[in-house]
Amino acid sequence: MSGMSGFRTVRGMRDFLPEEASLLRFVEDRARKVADLYGYKEIITPIVEPYDLLSAKAGEEVKSRMFIFKDLGGRDVALRPEFTASVARLVATTLKNEPKPLRLFCVGSAYRYDEPQKGRYREFWQSNYELMGSNRPEADAEILMLTNTLLQQNGLRRVAFKIGHIGVLKGILEHEKVEERIQNAVMQLMDKKQYDDAIGLLKNSGVSENCTSIIQELVKLRGANVLEIVKKIERLVKNYEKSIEAAKNLREILRLISGSECRIDVTLDAGFARGLEYYTGIIFEMYVTDLDIALGGGGRYDRLIELFGGEPTPAIGVAHGLDRIMLAMKMQQTRPQTQRRKTVMVVAVGDDVADETSRIAQILRESGISVELEIMRRKIGKALEVADKKKMDYAIIVGKKELDEGAVVIRDLVRREQSVVNIGKIVERITLVEGRDLP
Ligand code: AMP
């Protein structure tokens with residue numbers, strides 16, 4: 001066979017080499033710890049789901065970017081572009097009798113046919129938290145605080161939340177009897193900040209002049225003086241009952257998070273909309289000042305579970321983009337503080353000690369020490385050079401002479417000193433050296 005070299009990853013898909021892979025797993029692990037801290041139980045759902053489930057309320061934008069195919073049984077399926085539909089499916093079916101609230105966590109890859117660029121890939125990772133069964137503002141505040149904790153625990157600084165409330169706009173559009181199809185199209189345009197097009201579409205659909213001018217004013221309202229902005233929103237929408245309720249809800253959530261121990265930096269944006277169609281209440285995204293793409297986003301979706309055939313179940317959720325959190329960590333140079341295992345290279349001197357060498361390696365592994373066996377038959381000098389280059393902590397040199405005394409040579413690759421140690425004392429020697437941490 002010829003011509004089979006030069007394979008590359010599919011466009012938008014990446015390999016994670018050891019350093020990247022370990023950072024991803026670190027962030028994933030932090031996400032799991034935060035889930036635990038807030039009482040969210042992990043579930044694992046399939047990457048492949050029925051197309052109908054994933055497309056039901058995803059919104060045109062996400063729908064048009066799904067990886068869709070027929071499986072060999074002729075079923076229309078797709079790779080999940082997000083997690084919420086899967087979790088909502090579960091809560092509408094298998095978990096429908098579970099006591100509320102339900103706090104569920106998942107983490108894994110998602111797929112969207114987005115245009116690849118910095119922080120945007122076709123395979124990306126999310127940690128996802130869903131809080132189902134409560135329509136109280138405390139639930140919304142919890143999701144925001146949990147998100148803040150997660151970003152903090154990854155060492156990120158200058159985190160800012162952008163918050164809006166879809167209920168304010170929807171309240172107006174519903175009152176004006178705008179068809180749902182048009183409402184969704186308006187939201188999609190607003191998500192892309194094409195406010196003029198959104199207003200144009202509304203004018204064409206026959207809403208009153210007064211209504212479009214209110215929306216025009218509304219989308220201009222944004223800033224960090226959040227309570228003042230809520231007041232302005234309330235004044236603007238005073239004739240729309242549902243919108244007033246939405247503004248009140250927004251005020252309560254904002255009050256809860258500002259009164260909490262978490263110091264969350266919030267900007268309110270009344271014209272903020274998000275691509276997913278299922279939102280009904282507060283919506284939000286997180287940013288760090290160094291990076292102009294969202295690290296994650298979420299919002300309240302009170303009708304999705306009902307739409308999937310479950311009991312009416314108010315819910316709020318958030319998805320964090322782990323790839324982007326990793327990018328932000330790199331930009332802010334926050335190195336994760338992990339306790340590294342001690343690493344040891346075990347080198348046999350000569351063929352006749354191979355058995356004993358591999359036995360020693362096994363003893364060390366059983367004590368939680370990471371061992372690489374020298375298997376290239378390198379000479380000691382060369383083997384030590386390799387171990388050094390790999391920044392390993394120790395080399396254990398197994399030679400006939402010391403073995404006959406029941407001992408090996410341990411070389412401390414950091415301090416550059418070595419000594420002969422009894423086999424029974426190796427683990428102790430490596431884990432309890434003065435001035436070094438326990439593994
Ligand atoms: P969404 O479900 O659109 O609200 O996305 C939630 C988060 O997932 C975004 O804020 C991003 O951090 C991340 N995300 C979405 N799409 C991509 C992508 N194509 N590549 C990397 N991260 C993404």
Side-chain angles (χ1 to χ4, degrees), residues 9-14 16 20 23-24 27-28 30-31 45 47 49 53-67 78-88 105-130 143-144 146-148 150-151 154 156 159-164 166 184 187-188 190-193 269 272-288 290-301 304 315-331:
T9 55
V10 170
R11 185 166 152 76
M13 310 277 172
R14 292 157 298 155
F16 283 68
E20 287 283 287
L23 185 56
L24 175 62
V27 174
E28 210 179 284
R30 279 291 140 99
T45 58
I47 290 179
E49 291 271 19
L53 172 90
L54 297 175
S55 62
K57 271 288 174 189
E60 286 312 316
E61 174 77 12
V62 170
K63 236 160 79 177
S64 69
R65 295 179 187 280
M66 267 200 263
F67 283 82
L79 303 184
R80 63 183 174 208
E82 49 123 20
F83 286 86
T84 303
S86 303
V87 184
F105 163 74
C106 25
V107 58
S109 55
Y111 302 82
R112 290 183 200 174
Y113 204 78
D114 282 336
E115 197 48 33
Q117 50 192 283
K118 183 174 170 194
R120 178 160 290 136
Y121 317 100
R122 290 181 178 174
E123 178 180 55
F124 56 97
W125 273 257
Q126 287 188 334
S127 60
N128 189 90
Y129 301 72
E130 310 287 350
I143 287 287
L144 290 166
L146 163 165
T147 295
N148 194 52
L150 179 77
L151 297 176
N154 281 312
L156 292 177
V159 173
F161 282 72
K162 179 167 122 181
I163 295 184
I166 217 77
N184 288 334
M187 301 289 178
Q188 294 282 339
M190 288 201 169
D191 182 30
K192 293 189 196 139
K193 304 196 172 51
D269 183 344
F272 179 30
R274 303 198 71 233
L276 296 157
E277 253 169 38
Y278 48 62
Y279 291 121
T280 54
I282 186 183
I283 49 171
F284 61 93
E285 279 176 353
M286 305 83 73
Y287 292 86
V288 282
D290 320 59
L291 203 62
D292 61 356
I293 43 180
L295 298 188
R300 174 166 284 285
Y301 56 99
L304 191 61
I316 171 144
V318 59
H320 308 111
L322 301 189
D323 312 80
R324 295 188 184 174
I325 290 179
M326 286 162 65
L327 260 182
M329 287 168 76
K330 279 188 211 149
M331 294 185 76

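First listed ligand is number 1; within each ligand, the first listed atom is number 1. These figures come from a predicted structure and were not determined experimentally.
With hydrogens left out, the protein atom closest to atom 13 (C) of ligand 1 is G321 CA, 3.8 Å, a heavy atom. In this structure, the protein non-hydrogen atom closest to atom 2 (O) of ligand 1 is R112 NH2, 2.8 Å. Among protein heavy atoms, the minimum distance from atom 12 (O) of ligand 1 is reached at A294 O, 3.1 Å. Protein heavy atom in closest approach to atom 21 (C) of ligand 1: G119 O, 3.2 Å. At the shortest separation from atom 11 (C) of ligand 1 among protein heavy atoms lies R324 NH1, 3.4 Å.
Contact annotation for L295 and ligand 1: only backbone heavy atoms (N, CA, C, O) come within less than 4.0 Å of the ligand.
Using a cut-off of 4.0 Å between Lys/Arg side-chain N and Asp/Glu carboxylate O, E61 and R112 are scored as not salt-bridged. Of the charged side-chain nitrogens involved, at least one lies within less than 4.0 Å of a carboxylate oxygen, so that R122 and E115 count as a salt-bridged pair.
Contact annotation: R274 has at least one heavy atom less than 4.0 Å from an atom of ligand 1.
Taking any N or O of D114, backbone or side chain, at least one lies under 3.5 Å from an N or O belonging to ligand 1. Annotation: Y121 places an N or O atom under 3.5 Å from an N or O atom of ligand 1; distance criterion only. Here's the thing with Q126: one of its N/O atoms is less than 3.5 angstrom from an N/O atom of ligand 1. Of the polar atoms of A319, none of the N or O atoms is found under 3.5 Å from an N or O of ligand 1, judged by distance alone.
The option from Y113, Y287, F124, Y111 that lies nearest to atom 18 (C) of ligand 1, judged by heavy atoms, is F124.
The closest side-chain heavy-atom distance from H320 to V27 is not below 4.5 Å.
Ring geometry for F161 against F284 counts as tilted: the plane angle lies between 30° and 60°, on a 0 to 90° scale.
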>> Apply side chain to side chain contact (heavy atoms under 4.5 Å, CB included) to residues E60 and N184 and explain how you reach the verdict.
In response: CA-CA 9 Å; E60 286 312 316; N184 288 334; over 6 Å; no

